[in-house]
Every structure is written in structure tokens, then in C-alpha cells.
2 protein chains.
Amino acid sequence: MKDIARVVGVSVNTVSRALADKDDISDGTKQKILEAAKKLKYTKNHLAMGLRGKHTQTIAVIVPENSNPFFAEVIKGIEETVKARGYGLILCNTEQDPEQEKQAIELVLEKRVDGVIFSPAQGDKNILQQLQEHEKPFVLVARYFKNINVNYVVSDNLLGAFLITQHLIEQGHHRILMLNGTREPSSARDRLEGYKKALKANGLTFDDSIVRFGAMEAEDGYRMIKADLKKGRASLNFSAVFCFSDYVAVGVMKAFQEEGVAVPDDIAIAGYDDLFFSSVLCPPLTTMRIPKRELGRIGGNILLKLIKSKKSDPVIQRVLKPRLIVRGSSLKIRNR
Amino acid sequence: MKDIARVVGVSVNTVSRALADKDDISDGTKQKILEAAKKLKYTKNHLAMGLRGKHTQTIAVIVPENSNPFFAEVIKGIEETVKARGYGLILCNTEQDPEQEKQAIELVLEKRVDGVIFSPAQGDKNILQQLQEHEKPFVLVARYFKNINVNYVVSDNLLGAFLITQHLIEQGHHRILMLNGTREPSSARDRLEGYKKALKANGLTFDDSIVRFGAMEAEDGYRMIKADLKKGRASLNFSAVFCFSDYVAVGVMKAFQEEGVAVPDDIAIAGYDDLFFSSVLCPPLTTMRIPKRELGRIGGNILLKLIKSKKSDPVIQRVLKPRLIVRGSSLKIRNR
DNA sequence: ATCATCAACATTAACGTTCATGTGAACGAT
DNA sequence: ATCGTTCACATGAACGTTAATGTTGATGAT
């Protein structure tokens with residue numbers, strides 16, 4: 001700007017106002033300034049603008065893992081939403097690690113993002129304290145905390161798990177291995193509730209020896225099933241597996257395949273999320289359809305609204321309904 | 001800092017130096033300053049630091065689509081690499097749109113990122129001009145431009161396509177439908193070359209009526225095959241499909257499945273990228289294994305090196321070798 | 001002729017840092 | 001006693017913007 005001002009022969013302020021397209025500037029000088037800007041390859045400095053003004057036109061997305069197809073879709077929904085309104089996006093993976101979550105929040109606060117979309121991977125709601133102390137607008141997405149008055153958008157995990165479990169029970173399965181996600185987040189907690197609820201509704205007893213935690217990726221599913229199968233097929237004390245995600249189910253299916261366990265004839269499988277490949281897996285995967293990208297879009301929109309209004313509007317909490325998708329992986333032969 | 005300085009009774013500069021852990025500060029004052037910083041919830045301002053210093057500790061990643069599992073892996077590789085060195089990451093999706101590419105580059109220049117990792121989706125190398133004019137360090141990843149002296153890390157698409165096509169030919173296929181990616185990027189161009197080369201090596205003639213462009217996602221593959229099948233199964237004038245990505249292959253398989261076309265017995269399919277789910281598709285997918293995350297890691301490391309040195313070091317251009325993974329989707333029954 | 005009004009600019013300060021430079025006191029050496 | 005050093009800090013300027021306020025000359029009204 002200084003250079004432009006010198007070239008055109010005006011003050012820096014005039015340049016600023018010309019570039020911002022304010023009024024009270026003569027068309028002549030404005031034109032000259034714009035030309036000079038082009039000639040000098042002027043590029044706005046968002047750092048200076050952010051420092052001077054009070055917003056950076058940047059938001060942060062803090063998720064466990066961008067390569068997990070579920071979060072990839074959520075991120076995409078956020079990105080397209082905020083980009084349309086001129087916001088940039090800072091991405092942080094936490095790898096379900098509380099320490100990394102803390103670091104990510106600290107980082108984005110230091111970067112003075114205008115708001116944060118966060119998918120927490122732990123149970124301790126104190127992780128939100130920093131955001132709150134700094135009065136940074138934020139929205140939880142896909143995971144939330146119980147009894148806390150913050151904005152979030154999630155899907156109904158309790159219902160989803162209930163429906164899936166109910167379906168497996170209807171298929172004649174009484175012992176259903178639950179490969180749940182990491183123990184702390186609401187997603188895993190709520191699904192455990194749904195699973196228990198379905199068992200109870202059907203008069204089945206809950207056995208926590210066939211509930212495992214920590215299955216987030218395909219490798220996890222693969223590893224867990226492989227470990228089970230090491231003790232021999234006869235030792236399997238379940239007839240169905242309810243996976244935390246289709247992503248996990250992929251690993252589970254791979255493990256069964258390698259060990260010659262037939263799905264669904266020997267063991268039934270259900271996933272979660274309805275990822276794009278699930279209908280062409282071998283066999284096609286029964287799953288729960290979640291509006292993944294929509295989660296991101298809604299989260300983005302809530303955040304943008306928060307940033308705009310700045311006031312503490314009434315808290316927005318949205319719970320989207322999932323939908324059971326029954327496919328071959330859970331169907332007894334006689335039902336196919 | 002001003003507040004801390006007032007509380008402790010020192011100058012702002014002293015505060016700055018204490019927080020930066022410089023020497024020539026007495027332990028006493030340093031301690032007092034750190035305490036006051038904590039008490040006042042001081043948070044570094046990266047905007048101011050970036051404005052004053054000459055780096056922002058932020059890099060940009062500009063890719064076609066973060067939700068595409070291939071790029072999701074690349075992004076992950078980049079993220080983990082740069083995070084380890086204290087860099088933040090700005091993510092931009094371009095959706096293969098030259099206009100969005102231009103906007104993304106402009107945006108990240110305005111944000112004064114220290115460097116850019118870019119996966120261009122068009123053939124016009126002028127898109128790099130802005131980056132070069134601003135002397136912004138950048139690395140191309142997964143796609144490059146011919147005859148241009150810039151840093152990149154890619155996989156050998158010509159070789160990959162050659163090997164896949166060769167394999168399909170060996171399986172007895174003479175007419176292989178190529179569902180290529182968008183026409184412009186090097187990935188699609190090189191694979192077309194590899195495809196042609198394999199045909200020629202086997203004395204087959206190239207027929208551009210069975211080469212399609214624009215297949216990037218599952219939906220694209222689905223749509224294209226569905227359109228073909230609308231004219232009736234008898235009209236199919238190919239016996240194998242070589243998809244731009246396993247992602248595309250998922251859609252292709254879904255379309256065939258819906259229309260009762262058996263894979264591989266009626267039509268063989270090969271994908272590309274070896275995505276995590278490909279081995280448990282129905283049937284398991286023949287594909288080309290690409291070190292996706294490694295592409296990101298290497299790209300990130302090159303960029304960081306560039307940022308450090310700042311000098312125009314010798315250009316780094318890495319071409320990673322792919323590996324053919326043969327699975328059921330391409331095997332004639334008698335070969336299984 | 002006088003004065004308010006207004007258009008079109010300029011000046012100043014501030015956003016939060018850090019670098020370059022300045023300063024004063026204490027200290028040791030001669 | 002004098003001088004150079006060193007330590008531990010302070011001062012000022014600058015990074016690139018923009019909001020608040022100031023200035024000037026022209027215009028029009030009376």
C-alpha cells in the first residue's frame with residue numbers, strides 16, 4: 001500500500017479505502033490506485049488485517065483423523081460451507097489424543113481463528129475450557145458432552161445402535177460382539193447404551209466380555225478379529241459383530257476372509273456410517289446411514305451464525321436421525 | 001504483553017524476551033513474567049508474530065477434494081509431517097475447477113502461508129505463476145507439469161497404467177474401457193500414455209471411443225456405466241474396465257451389480273490407488289498400489305526444506321514406483 | 001462577503017510483536 | 001580514579017492495515 005500510495009501520489013489511507021471500495025473517493029484516483037495495485041502485484045495481507053480488525057476470516061476444524069472417511073466427509077461439508085462465505089480453514093488431526101487436542105486448541109487460539117469446529121475424542125469436558133475462557137465461538141460436531149450447554153450437531157447414536165442391534169437380534173443373533181470406538185467420546189458411549197437397550201428389550205443379558213473399545217480404523221478391526229481367531233474358530237463366542245464404523249468393518253471382513261470365516265453364514269457383520277463403498281463390499285454391508293456431509297454443513301452454518309452474532313444466542317443443539325440400511329452381511333441365508 | 005509488563009513492572013520488550021526464553025534476562029524477572037502470563041491467560045498472537053517476523057508457521061494444502069480417499073491419505077501424510085515441526089495447515093478444495101484453484105492460491109498468498117503443497121487439476125502451468133512471482137515455496141504432489149523445473153513428488157502413472165493394462169491384456173482382454181480422470185492433469189495424461197503403450201506392445205489398436213474422461217469419484221463411475229448399460233448389455237463393446245481410482249471402481253461395480261453384470265466373469269475391472277477397502281470388495285479389486293501417505297510425507301518434507309533454505313536449491317523431483325496388486329476382479333475364472 | 005456544508009483527501013494512532021539500538025549500574029582491571 | 005565490559009533492562013521503530021479524526025478547497029446559500 002505504501003508503494004501504491006507513493007506511485008499514485010496519495011496517502012496510504014486513501015489506498016486502503018480505494019481497495020476496500022469505500023465511497024468518498026473520486027473515481028479518478030480510485031481507478032489509478034487499482035491500476036497501480038495490479039501493476040505492483042499488491043496482495044492483501046490477512047495478517048495485518050486480522051491484527052488491525054478483529055477477525056481473521058479463518059475457522060479451525062479439529063477432528064480425530066481427516067483420513068477416516070467419516071470425518072473426511074464432515075470436513076468436506078464444513079469446507080464447502082465456510083468457503084462460500086470467504087472463510088479459510090485450518091485443519092488439525094488429534095488422533096484421539098487428549099494431548100494433541102489441547103495442542104490443537106492452543107494452536108488455533110494463537111492463530112486467532114474466528115471460530116472452531118471440534119470433534120472431541122475424550123470424555124473430559126474441561127477440554128472446552130480454553131475455548132470458553134477466550135470466548136471463542138465453537139461448535140461440537142459428531143460428538144458432544146452430556147449436560148453441557150454448548151452448540152453441537154450430532155447424529156442419534158443411541159438410536160442407531162439400538163436399531164442395528166435390534167436388527168441383528170431379529171436375525172437370530174443372541175451374542176453380538178461390539179467393536180466400539182474409543183471409550184470416551186459420546187459416540188461410543190451412546191452406542192453402548194443403544195446396544196444395551198436393545199438387548200434388554202429382547203430379554204438378553206449384557207455380557208461385557210464381548211464389548212471391545214478402541215476400534216476406529218480398518219486396522220483396528222483387523223487386529224482385534226485376528227487376535228480372536230488366533231485362539232481358534234471354535235473359541236468364538238459370538239455369532240455377529242457390530243462395528244463402530246464401516247471403516248472398521250472393512251478390517252473385520254478382511255480378517256474373517258483370511259481365516260476362512262464366511263460372512264454372513266458363519267458370522268454376521270454390521271457396520272455404521274454407510275460409507276460410499278459399503279454397498280459393494282463382499283458381502284454388501286448392513287450399516288447405519290448418517291448424513292455425514294450434512295453434519296459438516298450444519299456445523300459450519302451454526303458456527304458462522306455464532307461468529308456473526310457474537311452475542312450468546314440461545315444454544316443450538318441438533319440431533320440428526322440415522323437410518324438403518326440392511327444388506328447381505330447381516331442376513332441369514334434363509335432371509336436372502 | 002502490555003498487561004504483563006504493567007503487572008510485573010518491566011517493559012514490553014522484556015516480556016517478549018522472557019516468553020521467547022532468550023538469555024540476558026534475570027531468572028527472577030523471567031519467573032515473574034511467566035507467572036503473570038499464566039495468570040493473565042496470555043496467548044501468543046500469531047498474527048502479530050507473522051506480521052513482524054517473516055513467517056507464519058503455516059502451510060497450505062490445495063487439493064481437488066479432501067474427501068477423496070486418495071487425497072485424504074495424502075493430506076494426512078502432509079499434516080503429520082508439518083505438525084511435527086510446529087506448522088499449521090490450511091486446507092483448500094478446488095473441485096478440479098481452475099477458477100477455484102486460482103482463488104485458493106490467492107487466498108493462501110493473502111494469508112501469508114510459508115509454503116504451499118499443490119495438486120493441480122488442470123493442464124495450464126500458468127497457474128503456478130502467482131506462486132512464483134511471490135517467490136512462495138511450493139511443491140506439487142500427485143500431479144506435475146511436463147518440462148517445468150519445479151519441485152514435485154508423484155507416482156509413476158505411465159508405468160502404473162502400463163502394468164495394469166498389460167495385466168488385463170494378459171487376461172485375454174482386447175477391448176478395455178478406460179475411465180480416466182479429468183483430462184488435464186498429468187495423472188490422467190500419463191495413464192493414457194501407459195494404456196496406449198501397453199496396447200501397442202501387444203499389437204492392439206487404440207480406440208478412443210472407449211476412453212472416457214472425468215471419472216474422479218464413485219458417482220462418476222456409476223453414472224458412466226449406467227449410461228452405457230442403458231443401451232443394453234449387448235451394446236457393451238469392451239470386456240474390461242480400467243478405472244482411474246478404486247474410488248471410481250466402487251461406483252462401476254455398483255452399476256454392474258445393479259444391472260446383473262457379473263464381475264469378472266462378464267466384465268473385468270481394475271482400479272488404481274489400492275484404497276483400504278479394495279481387498280474386501282466384491283470381488284476383491286485388482287489395483288495399483290501407490291504410497292499415498294508417503295507422497296504427502298515426502299511433499300511435506302520437501303516443502304519444509306525449501307522453507308528453511310529459502311535459497312533456490314536444486315529442484316527436487318521424486319517419482320515413486322507403484323506396484324500391481326492382482327485380485328479377483330480381473331481374473332478369468334480359469335485363472336482363479 | 002461570510003459562513004456552513006461537503007467532497008476528497010491526509011494524519012495519527014493502534015492492533016501485538018520483535019529487532020536494533022540505547023542506557024545505567026555494577027564490576028573488574030589497570 | 002578511570003575506563004572498558006557486561007548484565008539486565010528500556011526505548012523506538014517497524015511489520016501492513018484501518019478507524020477516528022483532521023484538513024483543505026470548492027460550492028452554495030444568504
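Every heavy atom of this structure was used, including side-chain atoms; hydrogens, water molecules and symmetry mates were not.
Looking at B:D24, its side chain has no donor and acceptor atom pair within 3.5 Å of the base of D:dT6. In terms of polar N and O atoms assigned as donor or acceptor, the side chain of A:N13 comes within less than 3.5 Å of the base of C:dT11 in a complementary pairing.
Taking atom NZ of A:K2 as the reference point, atom P of C:dA10 lies 16 Å away to the nearest angstrom. Between the CG atom of A:L19 and the C1' atom of D:dG16 there is a distance of 12 Å, rounded to whole Å. Between A:D27 atom CG and C:dA8 atom P there is a gap of 8 Å when expressed in whole angstrom units. In this structure, A:Q57 places its CD atom 16 Å from P of D:dT17, rounding to the nearest Å. Going from atom NE2 of B:H55 over to atom C1' of C:dC19 covers 13 Å, rounded to whole Å. Spacing between atom CZ of B:R17 and atom P of C:dG16 amounts to 21 Å, rounded to whole angstrom units. Residue B:Q31 contributes atom CD, which lies 13 Å from atom P of D:dC9 at whole-angstrom precision. If you take CZ of A:R52 and P of C:dT17, they are 16 Å apart, rounded to a whole angstrom.
Looking at A:L140 and A:V154, their side chains never come closer than 4.5 Å, going by heavy atoms from C-beta outward.
Between A:S16 and B:G53, the one whose closest nucleotide on DNA chain D sits nearer the 5' end is B:G53. Each of B:K30 and A:A20 lies near DNA chain D, and the nucleotide nearest B:K30 is the one positioned closer to the 5' end.
Side chain of A:M49, nearest nucleotide from C:dC9, D:dT18, C:dT18: D:dT18. For A:L51, the listed nucleotide lying nearest its side chain is D:dG16; candidates were D:dA10, C:dT17, D:dG16.
Between A:K146 and A:D190, at least one side-chain N (NZ, or NE/NH1/NH2) sits under 4.0 Å from a carboxylate O, which counts as a salt bridge. Residues A:E73 and A:K76 are not paired through a salt bridge, judged by the lack of any N-O separation under 4.0 Å between the basic side chain and the carboxylate.
Contact check, B:S11 against D:dT11: no side-chain N or O comes under 4.0 Å of OP1 or OP2. Contact annotation: A:T14 does not reach the phosphate of C:dC9 (side-chain N/O to OP1 or OP2, under 4.0 Å). Within the 4.0 Å cut-off from OP1 or OP2 of C:dA7, not a single side-chain nitrogen or oxygen of A:S26 is found. When the side-chain nitrogen and oxygen atoms of B:T29 are compared with OP1 and OP2 of D:dC9, one or more of them lie within a distance under 4.0 Å.
In summary, of the residues considered (B:R112, B:E133, B:H134, B:Q130), a side-chain hydrogen bond (donor to acceptor under 3.5 Å, both in side chains) with A:T43 occurs for B:H134 alone.
Looking at heavy-atom distances under 4.0 Å, B:K22 makes contact with sugar-phosphate atoms alone, never a base. Looking at heavy-atom distances under 4.0 Å, B:G9 makes contact with sugar-phosphate atoms alone, never a base.
Donor-acceptor pairing under 3.5 Å is recorded for the side chains of B:T58 and A:K111.
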